[in-house]
Protein chains: 2
Amino acid sequence: MQERAAPLDAETKVAERPHDHKDELRLWLRLFACKEVIEGEVRRRLRHSFDVTLPRFDLMAQLYRAPKAMTLGELSQRMMVSNGNVTGLVDRLVEQGLISRRPSPKDRRAQLVSLTAEGRRFFRAMARENGDWIADMLADLSGEEIETLMRLLAKTKASARKAIGNGVPR
Amino acid sequence: MQERAAPLDAETKVAERPHDHKDELRLWLRLFACKEVIEGEVRRRLRHSFDVTLPRFDLMAQLYRAPKAMTLGELSQRMMVSNGNVTGLVDRLVEQGLISRRPSPKDRRAQLVSLTAEGRRFFRAMARENGDWIADMLADLSGEEIETLMRLLAKTKASARKAIGNGVPR
DNA sequence: CGACGATATTTTAGGCTTAAAATTTTCAAG
DNA sequence: CTTGAAAATTTTAAGCCTAAAATATCGTCG
C-alpha cells in the first residue's frame with residue numbers, strides 16, 4: 001500500500017491516521033446511495049401523479065417561495081444550475097401554462113418570470129403530496145435521529161465547502 | 001407567522017405538530033444539498049484532472065472491482081441505470097480505448113466488456129486521487145461522527161426502501 | 001456622442017438519462 | 001422442426017445539463 005506524502009502544514013488530519021481513506025469513501029458512497037433511493041422515488045411519483053419532472057418542480061418551488069417575480073438569472077443562481085438550463089426549463093413551463101414570462105420594465109435585457117394562477121394551484125397540490133412522500137420514506141427515523149442527521153450533514157457540507165474553498169455560498 | 005417558544009423545542013417538536021412534515025422535508029433537502037456539494041466537486045475535478053465524466057468513472061469502477069468480464073446487462077443492474085444508458089457509455093469508453101467489448105462465447109445476444117490494460121492503469125490513478133479528494137472534503141468529521149452517519153444513513157435508506165416497497169435490493 | 005467592459009440571456013455542441021419500441025437470439029414445448 | 005415467450009441489447013424520442021460562444025443591452029468614462 002502506497003504511503004501518501006501529506007503536506008506538512010495545517011491540514012494533516014489524513015496523515016495522522018495511517019488509515020487509508022476507506023471510511024470516508026464508504027460514507028460518501030452511502031450518502032450517494034441514500035439520496036439515489038429517495039430522489040428516484042420522488043421523480044417517479046412526480047411523473048406518475050403529476051406528469052412533472054423534478055427540475056420543473058424545483059423551478060416552480062423557487063417561484064412559489066419568492067415574494068416577487070424573478071429574472072432568469074436570479075432563478076439560475078438559486079437553483080444552482082446554468083443559465084442555459086433555466087432558459088429551456090422556462091420555455092417548457094411557459095408552454096405548459098404554469099408560469100408566465102414578460103420583459104422587465106427596468107432592463108430590456110432581462111425577463112421576469114412568475115407562476116400563473118394555475119401554476120400556483122398546481123404547485124400547491126404537488127408540494128403537499130411531496131411532503132407526504134418524504135415523510136413516509138423517513139418514517140422510521142426518530143425525531144432525535146433526524147436532528148442528529150441534520151447536525152452532522154450540516155457539518156459534512158461545511159467541511160466539504162471548506163475543502164473546496166467555497167466557504168461562503170456567495 | 002407563529003413564534004415558537006424557545007424552551008420547548010428540544011424533544012417534543014413532532015408531537016406538538018402531529019402532521020407537519022417540515023422536519024423530514026428539511027432533512028431531505030439538506031441531504032440533497034450535501035450530496036450536491038460533494039458530487040459537484042468530484043465531477044469538476046474528474047473533468048479537469050482526467051477529462052473523464054462521473055458516469056464513465058463509475059462504469060470503470062464496476063469493471064475494476066469485478067473479478068471477470070461483465071455483460072452490459074450486469075453492468076446496468078450494478079450501476080442501477082437503464083440498459084440504453086450503458087450502451088452509450090460503453091460505446092464512448094471503447095472509443096477512448098479504456099475498455100474492450102467482445103461477443104460472449106456462450107450467448108450470441110450478449111457482449112462482454114472489461115477494462116483494457118490502459119483502462120486499468122488509468123482507473124487506478126483516478127481512484128487514488130478520488131479517495132484523496134473525498135477524504136479532504138470530509139476531513140472535519142471525526143471517526144465517531146462518520147460512524148454515526150453511516151449508521152443513520154443506512155437506517156434512512158432502509159426506511160425509504162421499506163416505504164417504496166423495495167425492501168430487498170433483489 | 002462613442003467606445004468599452006459588464007451583465008442578461010440565448011444558442012450551440014456534446015454528453016447523460018429514461019421509457020418504450022424494435023431487433024436479435026435463446027430456449028422450451030409441442 | 002416450429003412456434004412463441006423471454007432475455008440481451010440497441011434504437012428512438014424526449015428531456016436535463018453544462019461550458020463556451022454569440023447576441024443584445026446597459027452604464028460609464030472620456
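Quantities reported herein were computed from a predicted structural model and do not represent experimental measurements.
- Residues satisfying the salt bridge (charged side-chain N to carboxylate O under 4.0 Å, His left out) criterion with A:Glu39, sequence neighbours excluded, are A:Lys35, A:Arg43.
- Among the atoms of the strands shown, none is found under 4.0 Å from any heavy atom of A:Val86.
- Annotation: salt bridge (Lys or Arg N to Asp or Glu O under 4.0 Å) contacts involving residues 84-94 of chain A, sequence neighbours excluded, comprise A:Asp91-A:Arg101.
- Residue-level contact check: A:Gly84 touches the bases, meaning some heavy atom is under 4.0 Å from a base atom.
- Checking B:Ser82 against A:Thr87, the closest nucleotide of DNA chain C that is more toward the 5' end is the one next to A:Thr87.
- Among residue pairs with one or both ends in residues 48-58 of chain A, those qualifying as side-chain hydrogen bond (donor to acceptor under 3.5 Å, both in side chains) are A:Arg56-A:Gln96; sequence neighbours excluded.
- Within residues 95-115 of chain A, the residues having any heavy atom under 4.0 Å from DNA chain C are, by residue number, A:Arg101, A:Arg109, A:Ala110, A:Gln111.
- Following chains of ILVMFWY side-chain contacts shorter than 4.5 Å, one cannot reach A:Ile164 starting from A:Met80, and the two form parts of different hydrophobic clusters.
- Legend: ring-ring contact (aromatic ring centres under 6.0 Å, His included) pairs involving residues 91-118 of chain A, not counting sequence neighbours: none detected.
- With hydrogens and angles ignored, the 3.5 Å screen pairs a side-chain donor or acceptor of B:Thr116 with a backbone N or O of B:Gly97.
- Legend: side-chain hydrogen bond (donor to acceptor under 3.5 Å, both in side chains) pairs involving residues 60-70 of chain B, not counting sequence neighbours, sorted by first then second residue: B:Tyr64-B:Arg124.
- The distance from atom CZ of A:Arg43 to atom P of D:dG15 is 15 Å, rounded to the nearest whole Å.
- Take B:Arg109 and apply the salt bridge (charged side-chain N to carboxylate O under 4.0 Å, His left out) test, not counting sequence neighbours, and it matches B:Asp107.
- Going from atom CG of A:Leu89 over to atom P of D:dC17 covers 6 Å, rounded to whole Å.
- Interface limits on DNA chain C: the 5'-most and 3'-most nucleotides within less than 4.0 Å of chain B heavy atoms are C:dG15 to C:dT26.
- Every residue was checked against the salt bridge (charged side-chain N to carboxylate O under 4.0 Å, His left out) condition with A:Arg78, not counting sequence neighbours, and none meets it.
- Under the side-chain hydrogen bond (donor to acceptor under 3.5 Å, both in side chains) criterion, A:Lys155 pairs with B:Glu145, sequence neighbours left out.
- Under the rule for a salt bridge (charged side-chain N to carboxylate O under 4.0 Å, His left out), A:Asp132 has no partner lying at least two apart in sequence or in another chain.
- Within residues 45-56 of chain B, the residues that place at least one heavy atom under 4.0 Å from DNA chain C are, in residue-number order, B:Thr53, B:Pro55, B:Arg56.
- One can place CG of A:Asn83 at 14 Å from C1' of D:dA24, the figure rounded to the nearest angstrom.
- In this structure, B:Glu39 places its CD atom 18 Å from P of D:dC16, rounding to the nearest Å.
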